[in-house]
Q: 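Quick one: structure below, then a few questions.
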Amino acid sequence: MATAVKKPNLIHQVSDKPRPAMKHLGHKTKKTVPWVDVDDDDKSRKTPLKRNNDMVNVHDQHHSARKSKKARHSYLSMSDLPSENGDASSSNHSRRRSSGTAGPSASSTPRLIALQEQRRQLPIAQGKDALIEEIRNNDVTVLLGETGSGKTTQVPQYILESGLAENGQIAVTQPRKVAATSLATRVSTEQQTPLGSTVGYSVRFDERSSSSTRIKYMTDGMIVRELLSDPLLNKYSVVIVDEAHERTLRTDLLIANLKTIQKQRNRPRDEKGKGNADKMSPLKIVVMSATLDAEKFSKFYHNAKILYVKGRQHPVKIYHSASSQPDYVDAAMRTFFQIHTDQPPGDVLIFLPGQEDIESLENSIKLFANQLPCDTMDVLICPMYAAQAPGQNAKVFTQTPTNTRKCILATNIAETSITIPGVKYVIDTGKSKEKRYLARDSGGGFDTLLTKDITKSSAMQRAGRAGREGSGVCFRLYTEDAFNSMELSAEPEILRVSLTASILQLKCLGQDLEELDLMDKPDFDSIISALKTLWLLGALDNNKKLTPLGRQMASFPLEPPHARSIIASQAFACTAEVLNIIAVLSSSSKLFVDVSTFRDEIATARQKFRHPAGDHLTILNAFRAYEEVADSESKSARREWCRKHFLNERALLEAKEIREQLRQVCARAGIDWKATCGENEDPVIRSLGHGLTMNSAFLQPDGSYRQTMGQSIVKIHPGSVLCDKKVPAIIYDELIYTNQIYARGVSSILKSFFVTHAALNQRNA
DNA sequence: GAGCACTGC
């Protein structure tokens with residue numbers, strides 16, 4: 001705990017130390033502020049973010065790139081681009097009805113006129129013609145656009161108006177569902193067409209598009225899934241990969257596939273001839289990134305041209321700590337009170353790695369806030385993290401009461417996923433938790449979840465959160481040197497997650513991950529580990545070739561072990577039960593919410609669902625109980641029931657949607673999803689066992705559990721109903737290393753299962 | 001006695 005400090009006046013203590021690193025103090029030359037101002041001069045007060053070292057580097061990189069003969073990169077700032085006469089519909093290339101995009105005559109309401117005016121004011125609007133020209137002349141274009149440039153909403157519309165996509169749709173991929181749906185809504189408003197006509201979206205469980213759809217916002221997972229039915233993506237004539245810098249696993253797979261698809265689709269075209277007698281229409285690729293690694297995308301696509309568009313952000317003043325702050329929770333608290341007592345009103349957003357630190361800081365701040373003089377503003381603390389009880393997170397969005405300063409304690413959830421209004425100050429601890437898969441050639445790999453230093457991109461993103469509505473201030477609890485030595489951007493996901501599902505999916509496309517032309521190639525160990533898992537599940541044969549079982553597994557939108565469990569349930573006639581469990585496990589939110597203050601109440605409420613066989617059947621009990629209530633009660637009664645039992649209804653509602661989708665897949669595969677085993681639940685565990693064979697452990701004489709595939713000692717996670725129980729053998733959903741290796745989602749299983757299962761596998765092999 | 005960043009099909 002960080003509450004070693006007893007008196008509020010000690011808040012300033014840290015700043016009384018010598019400050020050798022200090023170069024310049026801001027306008028407030030208070031001795032007590034230990035901050036280093038990164039703006040040595042005031043020339044760029046308008047865009048202090050640009051003053052960051054890596055932004056400067058971009059210029060340097062581009063300058064040197066321009067000199068190099070090989071690289072074709074150019075630095076097109078908005079001032080370099082020819083400006084356009086303002087009316088988008090006057091574009092020479094516009095062959096479509098102008099949809100009233102910017103023409104004043106077409107707009108009817110003042111709101112729409114304002115909207116079109118807003119569009120014209122976006123930084124990217126001035127570079128429109130040059131941008132379209134580049135896209136027209138190049139197969140691949142890399143667009144580096146800062147936040148607020150308008151690239152995501154405008155570029156697809158420019159392409160549509162230019163007629164570049166006449167033979168197909170324009171796909172715009174996003175890593176997150178909310179982004180895809182909200183962008184589609186926004187852009188369809190701008191186009192003055194109903195959502196789902198000209199502009200639509202496609203995300204899991206939700207599709208709004210039609211045969212007339214020209215611009216389709218979709219998740220990257222969705223388009224990778226589409227590869228299975230349309231390997232050349234013939235539907236699309238332009239694919240825009242947005243947020244490419246995030247380097248999600250699916251974005252990387254898409255980028256690799258687009259390269260080979262483009263080679264095939266653009267090949268028959270005669271270099272000179274415009275006559276497109278070929279059946280295949282060419283594909284244009286636009287890669288959009290918000291950070292500085294655009295070079296990498298360019299190199300990957302044969303030195304594709306990089307275009308740069310300025311962003312629009314309010315100025316954010318950045319201070320670095322003069323010395324490093326090992327106890328970042330304590331440092332965050334001191335900084336918060338410095339802001340609270342010295343700075344004008346405005347909410348504070350503090351970035352912390354996890355729930356534990358958030359709770360600890362919440363307690364410290366509460367303790368001190370009570371001791372402040374009466375004339376200071378009140379403090380309203382809003383913790384915010386994904387695992388938090390739903391409804392608690394909503395507190396963040398409520399209007400801050402008068403004479404109150406909101407203090408938001410958030411994880412990375414507030415970095416990209418959620419934008420919180422009213423934030424003027426950001427405190428950045430420089431830390432986040434990162435999940436990383438540790439492959440073991442024994443096959444018993446596991447995830448680690450450890451606190452790590454963030455990257456420069458991340459630090460800039462966090463600082464930017466202070467400048468959403470007006471100028472802001474960001475206090476970094478690390479030195480400028482520490483910032484300079486940070487990695488530029490996060491390691492791509494493909495290098496740190498389990499590849500099991502992706503390798504299976506690629507096998508269905510006839511591709512091998514190890515032969516794919518990827519921007520970053522994963523470790524050999526990681527591939528071997530995934531191949532081994534797939535072989536164990538029966539998805540691959542001894543020659544690494546896809547089996548019919550593997551193909552069937554890939555048809556489920558699930559992790560291979562879960563898909564395997566469902567397929568196994570057919571033989572045990574308990575598909576109904578297994579689907580219920582897998583659906584809840586696949587839900588993005590947790591069913592059992594933990595609020596530490598109600599621990600005892602939660603334990604009592606959960607007792608009702610507790611199943612001696614473990615977590616899987618406990619989940620089944622809870623889901624069944626909910627469905628009984630759901631059938632007979634009103635919506636509000638259901639909600640109340642969930643609240644009373646500390647169940648997250650959102651998880652249950654999502655599980656029902658997933659279950660419906662899984663039932664459809666089952667029906668297509670000829671699996672009877674209605675098959676039920678009734679009261680005898682032993683077959684359920686057996687089905688799960690077929691999917692989780694590699695996730696099993698045996699009890700040792702000393703009372704610990706040891707992996708069956710690997711040598712690690714694992715502990716049952718405290719959140720499990722089997723915690724502290726000693727059963728001969730367990731299966732688990734996942735293994736996660738924090739302080740120890742914990743097994744989560746645990747069920748008891750007969751040891752003999754593994755003997756018969758192994759025999760069965762051998763016979764099949 | 002002890003605990004868990006975030007996505008996606």
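Predicted model only: the values in this text are computed from it and were never measured. A, B, ... follow the sequence lines: proteins, then strands. Residue 1 opens every chain. The basis for the numbers below is simple: all heavy atoms, side chains too, and nothing from hydrogens, waters or symmetry mates.
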Q: What integer distance in Å separates Asp242(A):CG from dT7(B):P?
A: 17 Å
Q: At less than 4.0 Å, is any side-chain N or O atom of Thr219(A) found next to OP1 or OP2 of dC9(B)? Yes or no.
A: yes
Q: Rounding to an integer number of Å, can you tell me how far Arg659(A) CZ sits from dC9(B) P?
A: 20 Å
Q: Can you tell me if Tyr742(A) touches the phosphate of dG3(B), counting only side-chain N or O atoms and a distance under 4.0 Å to OP1 or OP2?
A: yes
Q: Measuring to OP1 and OP2 of dG3(B), would you say a side-chain N or O of Asn739(A) lies under 4.0 angstrom away?
A: yes
Q: What is the nucleic acid contact for Ser586(A), judged by heavy atoms within less than 4.0 Å: base, sugar-phosphate only, or nothing?
A: nothing
Q: Of the candidate nucleotides dC6(B), dC9(B), dC4(B), which contains the atom at the shortest distance from the side chain of Leu449(A)?
A: dC4(B)
Q: With a 3.5 Å cut-off and heavy atoms only, can you find an N or O donor on one side and an acceptor on the other between the side chain of Asp724(A) and the base of dG1(B)?
A: yes
Q: If only side-chain N and O atoms of Ser432(A) are considered, is one of them under 4.0 Å from the OP1 or OP2 phosphate oxygen of dA5(B)?
A: no
Q: Cut-off 3.5 Å, no hydrogens considered: what does the side-chain donor-acceptor table look like for residues 582-593 of chain A, sequence neighbours left out?
A:
residue: Ser586(A); atom: OG; partner: Ile582(A); partner atom: O; Å: 2.7
residue: Ser587(A); atom: OG; partner: Ser589(A); partner atom: N; Å: 3.3
residue: Ser587(A); atom: OG; partner: Ser589(A); partner atom: O; Å: 3.2
residue: Ser587(A); atom: OG; partner: Glu654(A); partner atom: OE1; Å: 3.3
residue: Ser588(A); atom: OG; partner: Glu654(A); partner atom: OE1; Å: 2.7
residue: Ser588(A); atom: OG; partner: Glu654(A); partner atom: OE2; Å: 3.2

Q: According to a strict under-4.0 Å criterion, is Thr248(A) in side-chain N/O contact with OP1 or OP2 of dG8(B)?
A: no
Q: Rounded to whole angstrom units, what separation is found between the NE2 atom of His245(A) and the P atom of dT7(B)?
A: 15 Å
Q: Report yes if the distance between the aromatic ring centroids of Phe609(A) and His645(A) is under 6.0 Å, otherwise no.
A: yes
Q: Mark yes or no for a side-chain to base donor-acceptor pair under 3.5 Å between Lys590(A) and dC4(B), with no hydrogen or angle criteria applied.
A: yes
Q: How is Val224(A) classified with respect to the nucleic acid when contacts are heavy atoms under 4.0 Å: base, sugar-phosphate, or nothing?
A: nothing
Q: Could you tell me whether the side chain of Leu516(A) reaches within less than 4.5 Å of the side chain of Leu253(A), counting heavy atoms only?
A: yes
Q: Could you say whether Ile413(A) or Gln661(A) is positioned toward the 5' end of DNA chain B, judged by the nucleotide with the nearest heavy atom to each?
A: Ile413(A)
Q: Consider salt bridge (charged side-chain N to carboxylate O under 4.0 Å, His left out). Of Lys435(A), Arg496(A), Arg436(A), which one does Glu491(A) pass it with?
A: Arg436(A)
Q: Counting side-chain heavy atoms from C-beta on, which of dA2(B), dG8(B), dA5(B) comes nearest to Thr411(A)?
A: dA5(B)
Q: Calculate the interatomic distance between Glu226(A) atom CD and dG8(B) atom C1'; express it in whole Å.
A: 14 Å
Q: Run the numbers on Tyr236(A) and Glu226(A) for side chain to side chain contact (heavy atoms under 4.5 Å, CB included), then give the verdict.
A: CA-CA 11 Å; Tyr236(A) 308 103; Glu226(A) 273 188 18; 2.7 Å; yes
Q: Have a look at Leu558(A) and say if it touches a base, only the backbone sugar-phosphate, or nothing, with a 4.0 Å heavy-atom cut-off.
A: base
Q: According to salt bridge (Lys or Arg N to Asp or Glu O under 4.0 Å), who are the partners of Asp453(A), at least two apart in sequence or on a separate chain?
A: Lys431(A)
Q: If I take atom CD in residue Gln174(A) and atom P in nucleotide dC6(B), what distance separates them, rounded to the nearest angstrom?
A: 20 Å
Q: How is Gln740(A) classified with respect to the nucleic acid when contacts are heavy atoms under 4.0 Å: base, sugar-phosphate, or nothing?
A: nothing
Q: Side chain of Lys435(A) only, please: which of dA2(B), dC9(B), dA5(B) is the nearest?
A: dA5(B)
Q: What is the distance, rounded to the nearest whole Å, between atom CG of Leu735(A) and atom C1' of dG3(B)?
A: 15 Å
Q: Could you tell me how far apart Glu207(A) (CD) and dC9(B) (C1') are, to the nearest whole angstrom?
A: 13 Å
Q: Determine whether any donor atom in the side chain of Arg744(A) lies under 3.5 Å from an acceptor atom in the base of dC4(B), or the reverse, and answer yes or no.
A: yes
Q: I'd like to know whether Tyr732(A) forms a ring-ring contact (aromatic ring centres under 6.0 Å, His included) with His717(A), so could you lay out the CA-CA distance, the side-chain angles of the two residues, the decisive distance to 0.1 Å, and finally the verdict.
A: CA-CA 10 Å; Tyr732(A) 44 83; His717(A) 193 277; over 10 Å; no
Q: Here's a test of your reading of the structure: between Asn412(A) and Ala501(A), which maps to the more 5' nucleotide of DNA chain B?
A: Asn412(A)
Q: Looking at the side chain of Lys177(A), which of dA5(B), dG3(B), dG8(B) is the nearest nucleotide?
A: dG8(B)
Q: Mind calculating the distance between CZ (Arg436(A)) and P (dA5(B)) to the nearest angstrom?
A: 17 Å
Q: Identify which nucleotide among dC9(B), dC4(B), dT7(B) has an atom closest to any side-chain atom of Arg176(A), counting heavy atoms from C-beta outward.
A: dT7(B)
Q: Using the side-chain heavy atoms of Arg225(A), tell me which of these nucleotides is nearest: dC9(B), dA5(B), dG8(B).
A: dC9(B)
